[in-house]
Number of protein chains: 2
Amino acid sequence: MAKRYEKIADELREDIRSGRPAPGERLPAETALAEKYRVSVPTMRQAMSVLQAEGLVERVHGRGTFVRKERTRNLRSNERHQWEKDRARNPLEERAETGSTEHDTGLTLSDLVFHAEYAEIAADDELAGVFGVEVGTRLLERRYRTRQRDEDAPFSLVSSYLVHDLVAANPELLDADKEPWPGGTQNQLYTVGIELGSIEEQVTARPPTVEEAEELAVSPGVSVIVLRKTSRATDGRVVEYSRVILPGDRTELTFVTPLRKW
Amino acid sequence: MAKRYEKIADELREDIRSGRPAPGERLPAETALAEKYRVSVPTMRQAMSVLQAEGLVERVHGRGTFVRKERTRNLRSNERHQWEKDRARNPLEERAETGSTEHDTGLTLSDLVFHAEYAEIAADDELAGVFGVEVGTRLLERRYRTRQRDEDAPFSLVSSYLVHDLVAANPELLDADKEPWPGGTQNQLYTVGIELGSIEEQVTARPPTVEEAEELAVSPGVSVIVLRKTSRATDGRVVEYSRVILPGDRTELTFVTPLRKW
DNA sequence: GAGTGGTCTAGACCACTGT
DNA sequence: CAGTGGTCTAGACCACTCC
């Protein structure tokens with residue numbers, strides 16, 4: 001019933017909460033702590049694992065165990081969609097000023113580092129279902145990762161899909177070098193005559209895959225938020241679909257639902 | 001570079017993916033697997049921990065390790081708010097038929113087990129800030145947990161707050177025994193003359209606290225979704241605030257954002 | 001090279017579940 | 001009771017980081 005490792009974790013948690021090793025500072029070495037608490041090193045390590053799983057400390061091989069700093073939080077609101085739509089038909093200069101990510105986070109374009117890759121793929125079962133097209137239909141896959149200049153890891157991994165033939169009318173839309181595109185996807189769609197009518201976003205959370213954990217630099221045990229976004233044109237057709245992976249511990253999604261008056 | 005425990009985890013993961021031990025079935029004992037893979041028991045256990053953290057298996061003390069079944073997913077859409085508002089002024093019989101949780105999940109009232117507790121509390125810093133009242137103001141705290149009759153753990157832990165003096169005009173609103181209230185919170189507020197104008201929901205994910213892990217019966221390593229809901233009256237005042245804890249691995253939130261036409 | 005966390009062993013004993 | 005996973009030990013050796 002005692003469970004030494006939990007008791008030790010409790011004590012250390014209390015210490016950290018009250019700022020004993022302050023955020024960013026190093027904890028004593030595991031061997032030292034094992035001696036202090038009079039347990040074996042593996043038991044001490046188990047206690048550390050508990051704190052790591054809680055996201056309270058970060059263990060770095062060869063350097064030590066550190067109290068985690070609150071990372072810069074990333075905000076994203078569904079109001080970004082209307083905001084982007086309102087600007088989608090503006091002249092280039094206005095669109096180029098700021099994008100929806102900047103609108104959400106309050107950062108300016110120069111704070112962000114942006115990376116895009118385009119590919120043509122064939123629709124698999126899932127994507128064919130979403131778009132209501134046949135399996136194998138040509139799709140344009142666009143992968144984005146965006147990070148803040150002063151952080152080393154991106155804060156989102158985005159895979160966005162468009163029906164290839166729908167956007168091919170404007171060849172510039174097939175060229176990744178045109179990214180970041182002023183005015184975003186809604187302006188891109190506008191250039192081929194599409195107006196969005198509604199956007200549906202589905203949110204779940206799960207442990208990261210190994211690749212996601214590496215790319216987003218989330219410590220193992222911290223989960224990711226998976227956001228699936230379906231954009232429909234005014235006629236109800238699905239015209240864009242994207243999957244966004246966000247680090248759960250530093251992302252805050254906001255959704256505002258206005259209600260019709262009585 | 002080899003890392004035996006990861007290799008073993010990889011092999012077992014592959015086996016499970018291809019249905020070797022089918023969902024719900026038991027894996028061989030750790031001692032047996034340790035022998036099979038020619039590693040020590042602690043190493044074997046480490047491999048198991050990886051699969052557990054991924055949510056692929058569930059270890060039960062004294063019984064064995066089992067391949068996890070996909071649990072019944074719980075759905076929740078922001079369209080529930082308008083749906084509830086549309087019915088808030090309906091006669092009692094109609095309101096009593098179904099609530100917004102049933103609307104979301106497609107379940108009927110009799111599938112759900114509902115528990116409510118009310119308390120009067122003094123506003124702390126956070127709550128005072130949300131409502132724009134002084135610290136110490138009397139609030140009504142309502143805690144709910146809802147579960148499906150055939151599952152043993154609730155699928156949501158809700159703490160909802162109202163300014164006490166605002167709802168005290170209708171004494172029935174202070175009585176937990178009146179729950180589940182036909183028509184939900186929006187009808188409750190209607191009885192004291194309040195109409196909701198908009199609802200804002202903020203979503204994050206984090207590892208569960210020890211208590212949450214127990215109450216929601218999520219295996220350690222699986223994270224929870226935290227949803228903070230702020231309801232505003234038509235005049236913009238915050239009239240209700242709630243914090244909802246949802247198991248990340250079996251919850252899917254949907255948010256629909258309609259866009260104004262060009 | 002000194003110090004850190006990461007992997008692994010071989011084994012003891014405990015706690016829980018079923019029969 | 002036998003069989004399972006959970007806790008803990010004492011120690012070896014490796015991999016990484018920093019000086």
Side-chain angles (χ1 to χ4, degrees), chain A residues 1-13 16 21 24-68 152 210 213-214 217-222, chain B residues 1-13 16 21 24-68 152 210 213-214 217-222:
Chain A
M1 183 89 319
K3 274 192 259 187
R4 320 267 251 112
Y5 78 92
E6 276 194 5
K7 292 219 167 196
I8 295 169
D10 289 346
E11 284 194 39
L12 287 172
R13 193 185 300 111
I16 292 171
E25 282 183 10
R26 217 194 67 187
L27 275 70
E30 294 177 348
T31 48
L33 285 172
E35 200 167 339
K36 174 180 172 192
Y37 289 105
R38 301 172 179 283
V39 293
S40 69
V41 172
T43 300
M44 191 60 228
R45 285 180 55 71
Q46 197 173 358
M48 286 302 201
S49 303
V50 172
L51 300 179
Q52 183 182 38
E54 290 171 1
L56 216 66
V57 303
E58 186 170 0
R59 302 204 270 181
V60 188
H61 195 165
R63 295 216 300 136
T65 303
F66 301 83
V67 178
R68 272 194 44 184
D152 41 343
V210 223
E214 266 177 33
V218 296
S219 29
V222 174
Chain B
M1 181 91 324
K3 275 192 257 186
R4 322 267 254 110
Y5 77 94
E6 276 193 3
K7 292 220 167 195
I8 294 170
D10 288 347
E11 285 194 37
L12 287 172
R13 193 184 300 112
I16 292 171
E25 282 185 8
R26 216 193 70 189
L27 275 70
E30 293 176 348
T31 47
L33 285 171
E35 201 168 336
K36 174 180 172 191
Y37 289 105
R38 301 169 179 283
V39 294
S40 68
V41 171
T43 300
M44 191 61 229
R45 285 180 55 70
Q46 197 173 358
M48 286 302 201
S49 303
V50 172
L51 300 180
Q52 183 180 38
E54 289 171 1
L56 216 65
V57 303
E58 186 171 359
R59 300 203 271 182
V60 188
H61 194 165
R63 296 215 300 135
T65 303
F66 301 82
V67 178
R68 272 192 47 182
D152 39 343
V210 223
E214 266 177 35
V218 296
S219 30
V222 174

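Here the structure is a predicted model, which means the values were calculated and not measured. First the proteins, then the strands, lettered A, B, ... as listed; each starts at 1.
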| task | Output the distance between atom CD (Gln46(B)) and atom CD1 (Ile8(B)), rounded to the nearest 0.5 Å. | result | 9.5 Å
Hey, is the side chain of [X] poking within less than 4.0 Å of OP1 or OP2 on [N], counting only N and O atoms?
{"X": "Thr43(B)", "N": "dT7(C)", "answer": "no"}
{"X": "Thr65(A)", "N": "dG5(C)", "answer": "yes"}
{"X": "Arg26(A)", "N": "dT4(C)", "answer": "yes"}

| request: Answer whether the closest heavy-atom distance between the side chains of Met44(A) and Met48(A) falls below 4.5 Å. | output: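 Result yes, sub-4.5 Å side-chain heavy-atom pair found.
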| request: Please examine the side chains of Thr31(B) and Glu35(B), heavy atoms only from C-beta on, and report whether any two atoms are closer than 4.5 Å. | output: no
Distance check needed: [N] [atom2] versus [X] [atom1], whole Å only.
{"X": "Tyr37(A)", "N": "dT9(D)", "atom1": "OH", "atom2": "P", "result": "14 Å"}
{"X": "Leu33(A)", "N": "dG3(C)", "atom1": "CG", "atom2": "P", "result": "16 Å"}
{"X": "Glu30(A)", "N": "dG5(C)", "atom1": "CD", "atom2": "P", "result": "5 Å"}
{"X": "Phe66(A)", "N": "dC16(D)", "atom1": "CZ", "atom2": "P", "result": "17 Å"}
{"X": "Glu6(B)", "N": "dT7(C)", "atom1": "CD", "atom2": "P", "result": "7 Å"}
{"X": "Tyr5(B)", "N": "dC8(C)", "atom1": "OH", "atom2": "C1'", "result": "11 Å"}
{"X": "Arg59(A)", "N": "dT17(D)", "atom1": "CZ", "atom2": "P", "result": "16 Å"}
{"X": "Glu58(A)", "N": "dC16(D)", "atom1": "CD", "atom2": "C1'", "result": "15 Å"}

| request: Check every strand shown and say whether Val41(B) touches a base, only sugar-phosphate, or nothing at a heavy-atom separation below 4.0 Å. | output: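 Here Val41(B) touches no strand at all.
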| request: Name the residue closer to the 5' end of DNA chain C, choosing between Arg63(A) and His61(B) according to the nucleotide with the nearest heavy atom. | output: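 In this pair, the answer is Arg63(A).
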| Crowding at CD, Glu25(B) (>12 non-hydrogen neighbours, <6.0 Å) | yes
| Closest nucleotide among dG11(C), dT7(C), dA10(D) to the Ser40(A) side chain |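 In terms of side-chain proximity for Ser40(A), the closest of dG11(C), dT7(C), dA10(D) is dA10(D).
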| message | Which residue is it: Arg26(A), Arg59(A), Arg45(A), Gln52(A)? I am looking for the one with a side-chain contact (heavy atoms from CB on, under 4.5 Å) to Thr65(A). | response | Arg59(A)
| query | Closest nucleotide of DNA chain D for Gln46(A) versus for Val60(A): which of these residues is on the 5' side? | reply | Gln46(A)
